[in-house]
Amino acid sequence: MIDLSRSPLEVAPLLLGAVLRHGEVALELTEVEAYLGPDDPASHAFRGPTARTQVMFGPPGHLYVYLSYGVHLAANLVCAPDGTAGAVLLRSGRVVDGAVVARRRREGARRPGSAPVPDVELARGPGNLGRALGLVIEDSGAVVGQSPHGPREPGFALADGRSGQVELACGPRVGVSLAHEVDWRFWIPAEPSVSRYARSPRAPRG
DNA sequence: GGGGCGATATGCT
DNA sequence: GCATATCGCCCCG
């Protein structure tokens, strides 16, 4: 059981190897990023709560889902105590159950006739992870339970899996122009389901 | 494996 | 109103 009331900086590494289930699809998380509150210029919570980001300021153990680039739904797991903003962006995962469903969702959103999605790419990258899980924007605020949860039960559930037992690497967060000096992105090294930016992080100053 | 661009809610100005 | 967004696809070497 992962204590989500801790800081995102403590929770993020523990999420690597943990398993997030939504219905039939379960993912072992392989790449995450920590985001803090008003002290973190890269965080959506930086400028205080808004209607969209309010859930980041609430109690831990909820999802914060937002629309990115008009097409992608990205999932964050809210952590830190109630009243303190913080979340962990779920960037990539390895599908451990429900690959057929995940693939159907992925390919349904692509141009017909394009090449099939390899297993390791089903949930590689935040947008793909959201699509593989079947997220909708209304999932923002949903509770993520931590008790045993089967494929036929509704809602989201987090299980320990290999949490705390995996090798991990860290580096700058992807796609943020600020706070590039902190290594708050965590991933499982040599794991093919980790997004490609891993090998060529675009830091402003190589 | 790199560059171009889409497609839209959100939140400053 | 408008720039921006915690990106991903496709096409081209």
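Because the structure is a prediction, the values reported are computed rather than measured. Chain letters run A, B, ... following the sequence lines, proteins first and then strands; every chain starts at 1.
Between A:S114 and C:dC9 there is no side-chain N or O to OP1 or OP2 distance below 4.0 Å. Of the side-chain N and O atoms in A:S68, none sit less than 4.0 angstrom from OP1 or OP2 of C:dC7. Distances shorter than 4.0 Å separate some side-chain N or O of A:R91 from OP1 or OP2 on C:dC7. Between A:R47 and B:dC12, a side-chain N or O to OP1/OP2 separation shorter than 4.0 Å is absent.
Taking atom NE2 of A:H72 as the reference point, atom P of C:dC9 lies 7 Å away to the nearest angstrom.
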Under the 3.5 Å Watson-Crick or G-U criterion, the dot-bracket string of DNA chain B, with | for inter-strand pairs
||||||.|||||.
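For the pair A:R173 and A:Y35, the distance from NZ or CZ to the six-membered ring centre is under 6.0 Å and the angle to the ring normal is within 45 degrees.
In the set C:dC7, B:dG11, C:dC9, C:dC9 carries the atom at the smallest distance from any side-chain atom of A:R106. The side chain of A:L67 lies closest to B:dA9, out of C:dC10, C:dC7, B:dA9. Side-chain atoms of A:N128 lie closest to C:dC9 of the nucleotides B:dA7, B:dC12, C:dC9.
A:E24 CD: 12 or fewer foreign heavy atoms inside a 6.0 Å radius.
Residue whose closest nucleotide on DNA chain B sits further toward the 5' end, between A:V71 and A:T53: A:V71.
Inspection of the A:S92 and A:T30 side chains reveals no N or O donor paired with an N or O acceptor under 3.5 Å.
Under 4.0 Å is where a charged nitrogen must lie from a carboxylate oxygen, and between A:D119 and A:R124 no such pair does.
Paired with A:R94 under the rule salt bridge (charged side-chain N to carboxylate O under 4.0 Å, His left out), one option of A:E31, A:E28, A:E121 passes, and it is A:E28.
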I'd like to know whether A:L122 forms a side-chain contact (heavy atoms from CB on, under 4.5 Å) with A:R103, so could you lay out the CA-CA distance, the side-chain angles of the two residues, the decisive distance to 0.1 Å, and finally the verdict.
CA-CA 6 Å; A:L122 285 174; A:R103 174 171 292 100; 3.8 Å; yes
